[in-house]
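As the structure is a computational prediction, the values presented were derived from the model and not from experiment. First the proteins, then the strands, lettered A, B, ... as listed; each starts at 1.
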Amino acid sequence: MTTTKDQGADHGAATGAVAAGSPASDAFAHQPLWKVRLALWRRSLGKTWGLFRENKMGMFGLGLILLFACMAIAHPILMATVWDPKIYDPVTGYSAVELQFVIVEGEPTDPSTQISLQEARLRLNPTVKVGQTVTIPVQPAPPSLKGPNPHLLGTDPQGRDILSQLLYSTRAAFFLGAVAALTTVLIATTVGSIAAYFGGFIDGSLMRLSDLILLMPLLPVLILVSALFEINMVMLGLMIGVLGGFGGVAIVLKAQALSVKVKSYIDAARVAGGTHWHIVLRHIIPNVLPLSFLYMMFGVTEAIAIEATLSFFGLLNVPMTWGIMINTAQNNGYLLSGTSYWWLLFPAGLAVTFLCFGFFLVGRGMDEVINPRLRAR
Amino acid sequence: MAMMSATTRWLRLGALFAVVAMLVTACGPSGTSPSAVASAPASQAPTSEPPASEGPTGDLGTYKLGIFQDVETDNQWASADTSQNTVWNAYFLSPMTGSLYGTFMPGIEFGPVMADGDLQPTVAEGDKWIGTMKLRSGMLWSDGEPVTAADVAFTWHTVVSKDKGGVELLGPWQDFADEDVVDNVEATDDLTVKVTYNSQPGLAVWGPGTGVPQIPIMPEHYWKDIVADALTQDDPRTVLLAASGAEAPSLGATMFKDRQAGSFAASDPNPNYYDKGAEITSGGVTWTEGPYATAFQYTLYGGQDAAVLALANGEVDLLLNPLGMQRGFQDQVKENKDLTAIVNPTNGFRFLAFNHSRAPMSDHYFRDALTALIDKEFLTGNLLQGVAFPLYVILPEGNVNWYNKEVADQLATEGYAGLDTATRRKTALDLLTEGKYTWETAPTIDADGNFTPGSGIIGPDGKKIGTLRLISPTASYDPLRATAAAYIAGVAQDMGIDVVAVPTDFGKIIDIVFATNDKNEYTADYDMFILGYSLGSAAFPTFHCSFYCTTGDSNNTKYSSAAFDAAADTFNKAQTIEEAYNAMWEMEKLIAKDKPHVPLFDTGILEFYSNRVAYPFTDTLSGLQFINGNPSAVTAAK
Amino acid sequence: MLKFFIGRLVQMVILFVVFLSIVWLLLQLMPGDISDTLIGNPDIPMSVRLELKARLGLDQPLLQQYITYITNFFFRFDMGVSFSRFPKDVSAVLLEALPRTLVLFLSSTLFAFWLGFKTGKLIAWRRGGRSEQFLIVSGVFLQTVFYPWFAIVMLWLFGFVFGWFPIGRFITAELWLGAPFEANDIFGRLIWTVVIASVAYGIARIVIGRVAKDLVTRERLAMLLGLLVVAAVVGYWAVNPAAKFAWDIVHHTILPVITLGLVAFGAIMLLTRASMLETLGEDYILTARAKGLPDNVIRDRHAARNAMLPVATSLVLALSFVIGGGIVTETIFSWPGMGLLFLQAINVSDIPLAVGALAITGVLALVGHLVADVLYAVLDPRIRIA
Amino acid sequence: MTVADRSMAPSAPSSELPLLDIVDLQMHFPVSRGLFRAPTEFVHAVDGISFEIAPGESLGLVGESGCGKSTTGRMLVKLLEPTGGSIMFRDRDYERDVAHIKGKETKEFRRRVQMIFQDPYESMNPRRTIFDTVSEPLAVQKVGNVPEREQRVLELLRLVGLTPAENFLFRYPHELSGGQRQRVAVARALVMNPSFIVADEPTSMLDVSIRISVMELMAGLAREFQVSYLYITHDLAVARYMCDRIAVMYLGKIVEIGPTEEILSRPQHPYTRALLSAVPVPDPSQKRTAVEIKGGVSKPVNPPPECRFIERCPFAAEVCRTNPHPPLELRGDRHYVACYRVDEINAAIAAAAG
């Protein structure tokens, strides 16, 4: 869709001289076709990239995504090399600095070795007695670089490393986002293209289906489904993808496909003898795809946010995600601790927000590439 | 049970509680759920004025309590029937009622509440046994009508089954109307209640257990016509439960004032409270009953976050929650000079359950070996960050009057307490070998004590034992139990037993482990699970039989032992506390040996209140919520 | 127009039946028997269960069951009995929560659209500059922020730190103690006031459009009319004995509405901006400029009106969001509406109540859908022909 | 139409059989009125036209926009299914009525026909290279392998004057100018060696300066490859340049048809006269009588039976109103006109000019 009508004035002559400034294409001649295609693909990508690069916010978003991608890759590497799984496993790991105190009546005279009964009861449990020596694990522990097993982002209320959880969950977020977004795009592109191209009864029934799915508010439906059935990440991704793909995105993509359908190159393809299948696959879908990719970005955002919300309500049975991390903080009552337990809330909360932010910004950046009118003049 | 600790979306906890309440009521504890109204010994004649010596003389203003689910009814019948038997209704409605006898906190003592004098043993009369109770004289309903023995009889006759001419209320009400045992309740004069039994009743029904002495008394003059009208209908129960109780007179410290659905419920102090101004001593604490508040307000909050903010803002004085507050709030509360945090032991336990109808869980070698592998000290002290403490018997230590330290310690030793990991592995290996278990790859311990994990355990019958599923709540529901399940699966795997922890939605666990067939028998279609129970009456623990008797209402592990059934029978028929005590510990020993449940750990209940208010005591089993926030005695702080 | 409206209405009802059917299918797909799901609560005595079974048609063959399910909903508004609030009917429980959700839902949607449209219009008109950058970044942030966290921060900041708004709850207990009416009455009256005022304003605007031909006069009259309507509403409530109660409700409503509205606002602002930019490139805007029309007339009458079309469509998409966000909002702000009810029902496995809440949510989405369609038709005369 | 009418059908000059023999071709579009009601109104876009095209001949179809000329063109390449009539197509080894063929048969037919579209910016998929675009007919008809196709495309690109052809092979349409694109379109049309091409105003969107070169190209190629054209245009000047014969259409009917020079120098239908008077005359000394017509083209929804041109005809008379639409009648050298009052009009105009 990067065509604009004002490009390249005809030079009048029938010589067909190559427009000045264009790279010579004869380099392609006598090369295997797939190589040519690859080079072409790279070139068009390069052009899109050039346009995209001008979009500062889009670039910022891409930077964010890359950062998260690095994080996702880092986790298995760290687990295999630096981190001891017993301590750093995001779900079953445990480590805490343990402090020993003697329980005394009244106020302790030496706070480093003594602890009052009342404090000990609150910190541990109501069964402790005066005179007992107790071990109090510091968890959630604040971030620290000290010790043989440092916790750069501290530990959660169960003594698990926050950084490890954060990195591990990044992978889950990407995975879920990818499943949901790919499903969305696959369905929406197919449905939109087919509905637009064939029209009539097929269009009518597909669009009524879209209306119906639009009617289903995503979050409540998913909450009900997660209550009725056990769902895992793949199913969640698929469901978000299907509901999202049949709904609004299909309608948007159908509109796009309709505008493609009336172009005369579709007629040209028919006159050439192209089948419906050929036309949909070769002409309509490729022209709808850029917009699909745009919605794919938004789809990722939506999937991550929904997963986090469902986890926040404790409705998902998954080992560890950002939502579960926030849920853990909330379940343990640290959510409103202001900034004193910031590492419990901010890493996960900001990770959800920033990854969504990143994908959204890239989506918007792509939107401006696809839709030149939005570009700053 | 109060699986409070770190958990949880307490919305769901309501569900948990409801389920637990159902179970607990099945085993027959005291009346209106966790409440046991504290009141004056009968010897104490009510005085009209509170003693001047007590610092605060009253004007607390409005006593504001935070609750987390709506008060759904103002009808006392409904709130003690299964239909509305939520803890939230109880918080609001229980302080309005009274009974002849009850449990005093913090001492957990059974004694006379509205009765005159201690409960006397029943007397034989022909083939029947007669119990007699006398009401204190001069007590009035909040509308000024006198409280009479007829009110007690009316209450009982309303609750009983249709066959006996009653409305047939369900749930907790049935504890007071065990028709197999109780023949009749009648008022012989204004203040005397005569209870006729078919056979000699044990303490379980005549006395501190459950039964007529603890039935909440309802005002006959208010309800008579409504009940009579209901009895003419097709479904009298629904009619009675649907009736409004807003205008019904009260006995207790509070009386109904207003209720706005979704927002708040409010009550006023009852000028005719039967114990107003009485001095009461329990558990070594003495105080004078009020009420000192000019109004009571129960405000609904959607979550603990908002509620703690409101507490810090001075909008509420105490947060009521059967599961206590989340531990993370502790620091916030500690930093705030206006707030106090307290922690108390709870009346409950968390356990690992074995399915006794399915191999290999039905084999005691297997159960013993798995139990030996579980290092409860390590689990609670390290993995569960010390907020939980290990349990070796079912009866909680916090129930000081019933706890037998000697036996408990002995059972702990027999229950493999304090062993190191190597010894545990050796013990388990020996037990399994003795039980004729073999392995595809046997775990080994060499001369230096180095352990090599095994795999593929094979049962005594020569068949390979497949994967055993250990169902537990999810980490987001209760991290403690989820962690425990993962730990147990881990130690079992080392021993070559393929135990897999399956974190499962709480509601689903309940569906699975309490599933019944057409004949209302438990199907027990599971291998192992981890859950917890909250226990009803602390003064007379009647729950054992319900969980472990062959015909126990909640015996979903299919455990069956003639010895245990006999001990339970002795307990139920006991005429003295000592007899009951010994029978109960006999049952505990059998449980420890046979392991239908392996008690794992328990936690304290954490509560927060504003320093604006002062309580006569805060060290009390299951905390202030157990006594509904003590509305009758709370005062303004000095 | 009327024909169009009725046509859409019929379509919506059909859609809703399909929606209900899918929910029913989900229930059927659940492991176990549907009657266990719908009546198998141990708290419900056997006699009542049998009665319920007959009432809900669960003793009939599958097809008959389905028909009973649908007809029960449409003609008797019967969705069975709530497990957690037995013996209350699901419909009774839902009706109690509905007005409270409606207030939250309507106000935050209106707030988001009004503010989002105004802001989007302005930043598209005046491109460049820091304020545009700032608003875009905020808009994107609001749209992508993890909503539960955002809501909690809002509550903490404005309820606790600043203390401007009440923390949670939806009425002040002290004020309402012994109040002569139920909170829901006031809710109902508030909703009616707003609806009547909006309809009156809408009709009056149409009349003005017919009478006043001149654009400037029309704008002035419209503004005057707006003021009049606001004055009338305020006046009505000022002399009303329930004024302080209404104000109490409004005071409690502000923070949740702003929180929920802000997040939807981000999306609407961005969409309006994009749509305005598209419109501003059209020839007729150039023509309008060439004619020498004042800037604000071009902006508001020519550009914005057309730019509103995609925004009106997005109302449908926003609905789903506002409904989903409503659940979170109600939970965090202790707002006892449908969302909180739904979540509570889910948490205690009160399936009949949860399904009922979802069905009503579907109705809400439908009505929103219809409004968006009608709005679209009003804005775009081309649609009316079809 | 009757058999008698058939004999009146305008015939091609050559004695051999025509390539295309179109008889009573109709295209009626329903005007939709609701979902469940059968349509009662139809747009008579093409209302029974008949003509022939000889092999190698170029027929110009001229008329205002909306007169049905594009519809006719699209029916001939099977983009539209005619509502009635027949299209007899005769090629080397092929002879059949293609009006109602379906599926595989259509595909087979399409090896022999092609179309060139008006808008060079929309007739090429912006996401496909010139090679993809030109070789598309080969690809879908499964002709040759990829290297062969590449050779064929290069050959054609050279032929249409896009040299060096290798430079154009892997470029995208947006990198080309309008004229270059139209050359590509010509190349695509010729790639299958068709015997018939429908050109739908192929130069109308091009700059005047390059129109000529494209037209020259097409004309040259037509001669070289013996291709027949149906050349659709609203511009008589273009038709004169490109075509051997011209057919003038008005509201779904052919009103006049004949050899180009005959039509241009001796127009007989009032509508043709009006069209011609709109063409600028390069030589001011040449005298020509202007015919002015009123109004614009009306919509042919369920048109009345009388002459289609009646409302705008300055010469309309009673005979036009009482009779059906006039048939085409021979009025000169292979020159057919559909008008009842040809003689009167000729006389009147001659008088006026005189």
Undergrad: What do you reckon, are the aromatic ring centroids of A:Phe298 and A:Phe360 less than 6.0 Å apart?
TA: yes
Undergrad: Given heavy-atom pairs under 4.5 angstrom as the criterion, report whether the side chain, backbone, both or neither of A:Ile326 touches chain C.
TA: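 Side chain of A:Ile326 only, per the 4.5 Å heavy-atom cut-off to chain C.
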Undergrad: Start with the C-alpha distance between C:Leu135 and C:Arg273, add both sets of side-chain angles, then the distance that settles side-chain contact (heavy atoms from CB on, under 4.5 Å), and finish with yes or no.
TA: CA-CA 11 Å; C:Leu135 278 168; C:Arg273 174 180 166 273; over 6 Å; no
Undergrad: How about A:Phe201: does its CZ atom have over 12 heavy atoms from other parts shown lying under 6.0 Å from it?
TA: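 No.
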Undergrad: Under a 4.5 Å heavy-atom cut-off, does chain C meet the side chain of A:Thr301, its backbone, both or neither?
TA: side chain
Undergrad: Taking every non-hydrogen pair under 4.5 Å, which of A:Leu350, A:Ile223, A:Leu219 racks up the most with chain C?
TA: A:Ile223
Undergrad: Heavy-atom pairs under 4.5 Å with chain C: which of A:Leu355, A:Val352, A:Leu224 has the most?
TA: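 The answer is A:Leu224.
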Undergrad: Of the non-hydrogen atoms in A:Ile251 and A:Met207, which two are nearest, and what is the gap between them?
TA: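 Heavy atoms only, the tightest pair is CG1-SD, 4.1 Å.
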Undergrad: Is it the side chain or the backbone of C:Phe342 that comes within 4.5 Å of chain A heavy atoms, both, or neither?
TA: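 Contact with chain A involves the side chain of C:Phe342 alone.
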Undergrad: For the candidates C:Pro148, C:Gly362, C:Gly324, which exhibits the highest count of non-hydrogen atom pairs separated by less than 4.5 Å from chain A?
TA: C:Pro148
Undergrad: Would you mind checking which part of A:Val221 comes under 4.5 Å of any heavy atom in chain C, side chain (CB onward), backbone (N, CA, C, O), both or neither?
TA: both
Undergrad: Quick check for you: among C:Leu364, C:Val137, C:Ile14, C:Ile152, which has the greatest number of heavy-atom pairs under 4.5 Å with chain A?
TA: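 Of the candidates given, the most pairs with chain A belong to C:Ile152.
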Undergrad: Tell me, for A:Ala308 versus chain C, whether the close heavy atoms (under 4.5 Å) come from the side chain, the backbone, both or neither.
TA: both
Undergrad: Looking at every non-hydrogen atom in both residues, tell me the closest pair between A:Ala181 and A:Val300 and how far apart they are.
TA: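 Looking at all heavy atoms of both residues, the shortest contact is CB-CG2, 3.5 Å.
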Undergrad: What do you reckon, are the aromatic ring centroids of A:Phe68 and A:Trp322 less than 6.0 Å apart?
TA: yes
Undergrad: Taking the six-membered ring for Trp, are A:Trp343 and A:Tyr341 ring centroids under 6.0 Å apart?
TA: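 A:Trp343 vs A:Tyr341: aromatic centres under 6.0 Å.
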